[in-house]
Amino acid sequence: MKINFDGNFCIISELEEFDPRDIFTCGQAFRWYEEDDGSFTFITHGRVANAKKVGDEILLRGVDRTSFDEIFYDYFDLDRDYKRVIEELSKDDVMKSATEYGKGIRILNQEKFETIISFIISANNQIPRIKKSIEKISEMYGEFLGEDENRKYFSFPSAEKLSKAKPEDLREFARVGFRDKRIVDTANLINNGIINIDEIEKMNLEDARSALQVLPGVGPKVADCILLFAFDRKESFPVDVWIKRVMEELYLKEVTPKSKIAVRGREVFGKNAGFANQYLFYYGRENKLGR
DNA sequence: CCACAGGTGTGTC
DNA sequence: GACACACCTGTG
């Protein structure tokens, strides 16, 4: 991997395992827009940036040397050797196909509170609608970050700010449905310090899972997503309907309860379970496996 | 009008 | 613990 800077641009080259489309559309993140030129504009850490794949290079606009070092290097998980992850996972034909299909995926290291609320919204919901709800919540309660010819940008609100939101406003304007109260109650529990994110970060995987599930709207699947996408627990294995279908069809060969699949996923893929999960989810959903 | 998509909370055994 | 069933909204 080579990194070059040109003012407000960062150019990454000699890195095969980085495709903005795979990274943003694989289901892990919601604060992004696909532009007409095929690039992806995204918001994180109070910043707006744009990622575009041009030939073998990745162009990051809105990323200078300082913000790259402080934010984006970690956000894009650039310290990790995904070639090696893929090698370690490619022990069978299923994973060979899945990693080949999603070879540009990287698991982002996202902001914790935003990820918690985002995945509470994701429950029994679909990506376009989740994106819209989060966008509206940011517009209503976040900070204005700037605008371009396409749209205005807002940061995701703090727990303090969101704890003061009214459930009926979230329902009426952000279209979150029955998740309205869960969102405000969770923001309150975190804002009050009743649930301490820094404490959860220090726990082992099982304790962290249980601690997160104290939050209303956080069950086993959402807890695993939060751990995988914001707490750097790359060994966690969220089981949604797609993972259930793919695992049943390709690995287990029989109908299996979600709770058992979560355990089996971690047994089969070990420390790489989270990566396997993302490759399988993306591969399975895009190809409608098991449907 | 209806069917379908998708995790959690609640209640029952 | 394992299982029903309700819960919102958008799309086709």
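Lettering of chains follows the sequences in order, A, B, ..., and the numbering in each one begins at 1. Atom set for the values below is all heavy atoms of this structure, side chains included, hydrogens, waters and symmetry mates excluded.
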task: Assign the ring pair A:Phe24 / A:Trp32 to parallel, tilted or perpendicular, where the plane angle (0 to 90°) is split at 30° and 60°.
output: tilted
Under a 4.0 Å N-O cut-off, is there an ion pair linking [X] with [Y]?
X: A:Glu88; Y: A:Lys234; answer: no
X: A:Glu35; Y: A:Arg151; answer: yes
X: A:Arg245; Y: A:Glu248; answer: no
X: A:Asp207; Y: A:Arg209; answer: no

Enumerate the protein-to-nucleotides 10-13 of chain B contacts in which both atoms are nitrogen or oxygen and the separation is below 3.5 Å.
none

Per-nucleotide protein contact string for nucleotides 5-12 of chain C (B base, S sugar-phosphate only, - none; heavy atom under 4.0 Å): --BBBS--
query: Is it true that A:Tyr82 and A:Phe275 have ring centroids separated by less than 6.0 Å?
result: yes
Tell me the interatomic distance from [X], atom [atom1], to [N], atom [atom2], rounded to whole angstroms.
X: A:Phe281; N: B:dG6; atom1: CZ; atom2: C1'; result: 11 Å
X: A:Trp242; N: B:dA5; atom1: CH2; atom2: C1'; result: 10 Å
X: A:Lys258; N: C:dA2; atom1: NZ; atom2: P; result: 15 Å

message: Using only atom types and a distance under 3.5 Å, with no angle test, would you say the side chain of A:Arg106 pairs donor to acceptor with the backbone of A:Asp77?
response: yes
statement: The residue, A:Pro216 or A:Arg245, whose nearest nucleotide of DNA chain B is more 5′ is A:Arg245
